[in-house]
Each structure stands twice: as structure tokens, then as C-alpha cells.
2 protein chains.
Amino acid sequence: MTFAEPAAETCAGERDCKHGRGTNGCDDCKVRLFSVCGALEPEELDELDHLSQVKNFAAKTMLFDQGALAGSVFNLTEGIVRLYKSLPDGRRQIVGFALPGDFLGLALMDRYGVAAEAVTPVRVCRFTRAAFLTYVDGKPHLLRRLHEFAGHELSLAQDQMLLLGRRNADEKVAAFLLNLQARYGRIGAKSVNVPLPMSRQDIADYLGLTIETVSRTLTKLAKEKTVVVVPDGVRLLSTDRLDQLAAA
Amino acid sequence: MTFAEPAAETCAGERDCKHGRGTNGCDDCKVRLFSVCGALEPEELDELDHLSQVKNFAAKTMLFDQGALAGSVFNLTEGIVRLYKSLPDGRRQIVGFALPGDFLGLALMDRYGVAAEAVTPVRVCRFTRAAFLTYVDGKPHLLRRLHEFAGHELSLAQDQMLLLGRRNADEKVAAFLLNLQARYGRIGAKSVNVPLPMSRQDIADYLGLTIETVSRTLTKLAKEKTVVVVPDGVRLLSTDRLDQLAAA
DNA sequence: TGGACGCTTTGACCCATATCAATGCCGGTA
DNA sequence: TACCGGCATTGATATGGGTCAAAGCGTCCA
């Protein structure tokens, strides 16, 4: 989940980059962008790098709000971000968790379609929308990559619709755990130990359940030796069983 | 809902275009494409038009299947198409209904992420993926428009996640009716009479409900004078009440 | 004209998940 | 060390929507 857009130029919880490089960006960004944009020329990477600015956000602070003017594009380099939509009465649907390497605001629309909050302390590379657009506009192949990327995002969203509309609690939780494991794997931390830095409430709001049901489902999976619940995460004992539950 | 991709070069239910223009497309396409792509030069429109081919599909036939190689991009000119994902056990989630003017396969990925079936008899303008890509590649502004469009699609998908995960049956049905009304309005048929060419099963699979619940909800709305259920559709008596239920 | 079939509606009942309410389990801090 | 506040877990109960079953109701066709 990496699609939404950035808003506030100055945010509560925002601190200076420890790199102290001001507007010059950081190497993290190069790496991450490369993975999205495919083969860029070194000078292009440099150019892009110069457009970025490192920013930090404390846990629970908002990177941008739903409907806010989309002033920035972010690349998440550290931490976890939740993206969500809310109903006026407070009901909330988390539409995705962004992990390191993910982009926020890549849709390049003029307003953010979702809100984004730091789950953990977060570091991002920020581009102003204008600069990013200017950079991108002259590069059709990049535009193409971006569009492909958008298609992929849409496909993930549709998978989540299937999950929300047609799966039961066990299947939802199993799919969530496997999905998180796979994503951690892609950023170099593949393991049966799956950290869950987000709260039960976050998981519930992502899966269309309540905290109690999430909790009960996890203890149920634990009782049948499918997972072990540990502080701040779970250990997967039987991915087979989880696969069976999540059955795509 | 206009985002997915085309597959079969020849489909059951496929018939020749009554226009009899073979690979030369039809005027409908010009109009529809214009609405998505913004101001194109007349010669560009012609060029695009020449790439298209009109095809017809009978009701209940498949335009393309989930996971099939995405060989075509379609522009729907007549009829309604359902886009869906399925679970191995047959549970189905409809992720969107395409109305005239909508595109299918615009994500331009190599495989279709969802299946597409004609709900009613359908007419489309078809472009081969290759031709469409070639056409688009030289036109950065078109690529930009396409990307914006993708962002809009994603935003709609996220709204649907909120609906599926956090709304009750009444709210789901109300939102569905208002949404359909608005979309018919955009293609020139704004009216309190909302045709429902899709079956109750389709509506249920779109809203994450069962046929029975959809039916009961509609009769409930009818009893409280919010709608009138008529053959093949509903008449909206109190959009205020529906708005209140759907409350974004 | 009358089945027969497919779809929708309605009713009765049930169950998965929500809701409400303790209780437990830290981690911070006074 | 003890208190406090914020989650998470667990238990008891309620309920919205699912499931199962039976009518309605058109439409097509023999």
C-alpha cells in the first residue's frame, strides 16, 4: 500500500534530519526510487536525489490529512505509516500500511485521497509535488513505470475488497499475517517472526473487524499451534495452515 | 469503475459490429476517449479512432478472465459490465460495474487483474494493447491524464473498502443507489429512476452482502417511503434520506 | 394455456461477530 | 515499590446479517 498523497508543509512531530543534509536528500532515497522506477541513469538519480528532503515524524503524528492539498510526494525510508479513510461518526477503514520503500502521494492528484499517520517513528524523503512533476514530465519511461505502479496498487486494493467483502475473520487475519511477512521479506527481513508494530485497533480497522475479534482469532490460531503470539508480533509456526485459510 | 484489462481475442458471444466498419472504429469512441484524455488534436482523435475495432458481447459472456494475458484495451460504448475477483470456493467480489464511457484494461499491465463479464448486451471499442501503447507512448500529456485517471480509480477503490469494511447493510445499499444515480447522470441520464440491470446477486457481491439482505433492505427502504422498487430498477423518493444513510 | 425455469421476496431460525464489561499485563514514573 | 494509564485478553451476552426453506412472479416456449 503506497498510494496516497502528502499535505502539510510543517507537521507536529516533524524534526530535522539527523543526516543534516537539508534539501540535499539521502542515499536511502536513491535506493528506494530505483526499485520503483527501474533503470535510471546515474545523473537522473542524482537529479532526483537533489530534489528530496529528509523529514522525521514521531509516532502517531499525521503526515497529511484526507482531502488536504497534495503538496508533497513522500518516499518512506524508515518506520510504518497507516493510510486511512474515516466516516463522520469516527468509524475508520485503514486502506493500507506503508512500509520502508513505499511511496505516498504518487497518484499525483491535487488532493490526498486518504490520511496518513506514523504508526512508529518515521523517516521519509520528501519531494515537493511541483518538483516531482517537473522532474517526471520530461521522462515518458518514468511516467510509464509510474502508471504500471498505479495499476499494481489498484490490483492490491481490489484484493483487499475481496478480503473485506467475502472473507471471514480467520481468513482475514491469516491473509494479513502472510501478506505482512511477504512484504517484510521484500525489504530484506523475511522471517517467520512477523513484527506487528501497529495496534490491535489498527489491524481491526484494516480488516473490517473489532479489536476483540482480532485478539480472539490470534489466540485461536495460537491454540491450534499455527502461530505464537509474542510481544509486538507473531511467530508463524504453520504457514501451510495460514495459506490454507487465506487461500487466494 | 473502469480499471481492469482485456484478454480474449475471440470471445463467446462476440458478434460483428453493426456499423460494419471493421478495424476502423466508430464515432462513439471518439466521444468517449475525449472525455478521458482531455483536449486532443483532431488528427490525434482520428488516429486513435483508426486503431479501434467495434465488438459486441451478449449478456453474461466474458470479455476477459482474471489473470489472462491482457491483449486489449476496451472502451465501453453500450451496456454494463461487471468486474470481479473470485475465491477458489466460488465466493465472488464484484469490484465495480463499468458503464458506457468507461475503460477496461487501462492499467496496461500484462495480465488482467479482474474478470469482466457483460451484464447486459454490450458494445465496446477495442484497441490492441500494443497499438494503444504505441499510440500513448509518444504523448506525455496523455500519459499524465492516464495516470491521473488511475489515481481516481484507486480513490474509488478505497471508498469501496471503507464501505465494505465499515458500513452496515442499509448504508451500503443507500450508497450504491446514490452512486449509480450519479454515474447515470454523468452519461446523460440523471433521474430519480435508477435502472438496476444487474441481478440482486450482482448487487450483493458488490456490497459484500447476500441476495436476501439486499432484497430485505430494499423492501425496508420502500416501506419507509425512501424508494420505490420497480421492475428493473428503483425510483428514489428521498435522496435526503439516502444521503443521510450513505453519509460520507 | 400451462408448465417450467430463473429470479426475487418473505419467513423462521441460527451463528459469526459485535458489544459490553471485567480483568490482566506491562512500562513508565513518582 | 507501588501506582497509573494504555493496550490486550477474556468472558458473557446481544444482534445484524447469513442460511435454509418456501412461496411469489414473470417470461419464455412447447
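To find a chain, count down the sequence lines: A is the first, B the second, and so on, and within it residues start at 1. Every value quoted in this text rests on a predicted model; they were computed, and no experiment measured them.
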K.L.:
Can you name the one residue among A/K85, A/R92, A/K172, A/R200 that meets salt bridge (charged side-chain N to carboxylate O under 4.0 Å, His left out) with A/D205?
P.N.:
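Exactly one pass, corresponding to A/R92.
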K.L.:
Is it the case that the side chains of A/S199 and A/Q201 hold a donor-acceptor pair, with the cut-off being a distance below 3.5 Å and no angle test?
P.N.:
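Absent: no donor and acceptor within the cut-off.
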K.L.:
Mapping A/D170 and A/E212 onto DNA chain C by nearest heavy atom, which one lands closer to the 5' end?
P.N.:
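Here A/D170 is the residue nearer the 5' end.
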K.L.:
What's the CG-P distance between A/L196 and D/dC7, to the nearest Å?
P.N.:
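One finds 16 Å between P of D/dC7 and CG of A/L196, rounded.
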K.L.:
Grab the two heavy atoms, one from B/L163 and one from B/A175, that are nearest each other, plus how far apart they are.
P.N.:
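Closest approach of B/L163 to B/A175, heavy atoms only: CD1-CB, 3.8 Å.
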K.L.:
More than 12 non-hydrogen atoms from neighbouring residues, nucleotides or ligands closer than 6.0 Å to CZ on A/R91, yes or no?
P.N.:
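It does: A/R91 CZ has more than 12 such atoms within range.
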K.L.:
Have a look at A/K223 and say if it touches a base, only the backbone sugar-phosphate, or nothing, with a 4.0 Å heavy-atom cut-off.
P.N.:
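Result for A/K223 = nothing.
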K.L.:
Whole-Å distance between D/dT9 P and A/D232 CG?
P.N.:
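The answer, rounded to whole Å, is 11 Å.
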K.L.:
Let me spell it out: for each of A/R200 and B/T213, pick the nucleotide of DNA chain D with the closest heavy atom. Which residue's pick is nearer the 5' end?
P.N.:
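Its nucleotide being nearer the 5' end, the pick is A/R200.
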K.L.:
Does a side-chain N or O from B/T210 land closer than 4.0 Å to OP1 or OP2 of D/dG18, or not?
P.N.:
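Yes, such a contact exists.
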K.L.:
Given atom CD of B/Q201 and atom C1' of C/dT8, what is their separation to the nearest angstrom?
P.N.:
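That distance rounds to 12 Å.
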K.L.:
Can you tell me how far C1' of D/dG17 sits from NZ of B/K220, to the nearest Å?
P.N.:
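In whole Å, D/dG17 C1' lies 11 Å from B/K220 NZ.
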K.L.:
Whole angstrom is fine here: how far is it from CZ in B/R216 over to C1' in C/dG11?
P.N.:
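Atom CZ in B/R216 sits about 7 Å away from atom C1' in C/dG11.
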K.L.:
Looking only at the side chain of B/S199 (C-beta and beyond, no hydrogens), which of the listed nucleotides D/dG18, C/dA18, C/dT8 gets closest?
P.N.:
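Among D/dG18, C/dA18, C/dT8, the one nearest the side chain of B/S199 is C/dT8.
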K.L.:
Can you tell me the distance, in whole Å, between the CG atom of A/D205 and the C1' atom of D/dA8?
P.N.:
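For the pair A/D205 CG and D/dA8 C1', the rounded distance is 15 Å.
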K.L.:
By nearest nucleotide on DNA chain D, pick out whichever of A/R166 and A/T219 is the more 5' one.
P.N.:
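The residue whose closest nucleotide sits nearer the 5' end is A/T219.
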K.L.:
In whole angstrom, give the distance that lies between atom CG of B/L218 and atom C1' of C/dC7.
P.N.:
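Result: 14 Å.
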K.L.:
Please report the closest heavy-atom contact between A/A116 and A/V81, naming both atoms and the distance.
P.N.:
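Looks like CB-CG1, 3.8 Å.
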K.L.:
Rounded to the nearest angstrom, tell me the gap between atom CG in A/N168 and atom C1' in D/dG17.
P.N.:
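Whole-Å distance recorded here is 15 Å.
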K.L.:
Ignoring backbone atoms, test whether B/S215 places a side-chain nitrogen or oxygen under 4.0 Å from the OP1 or OP2 oxygen of C/dT9.
P.N.:
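So the side-chain polar atoms of B/S215 do come within 4.0 Å of the phosphate oxygens OP1 or OP2 of C/dT9, strictly under.
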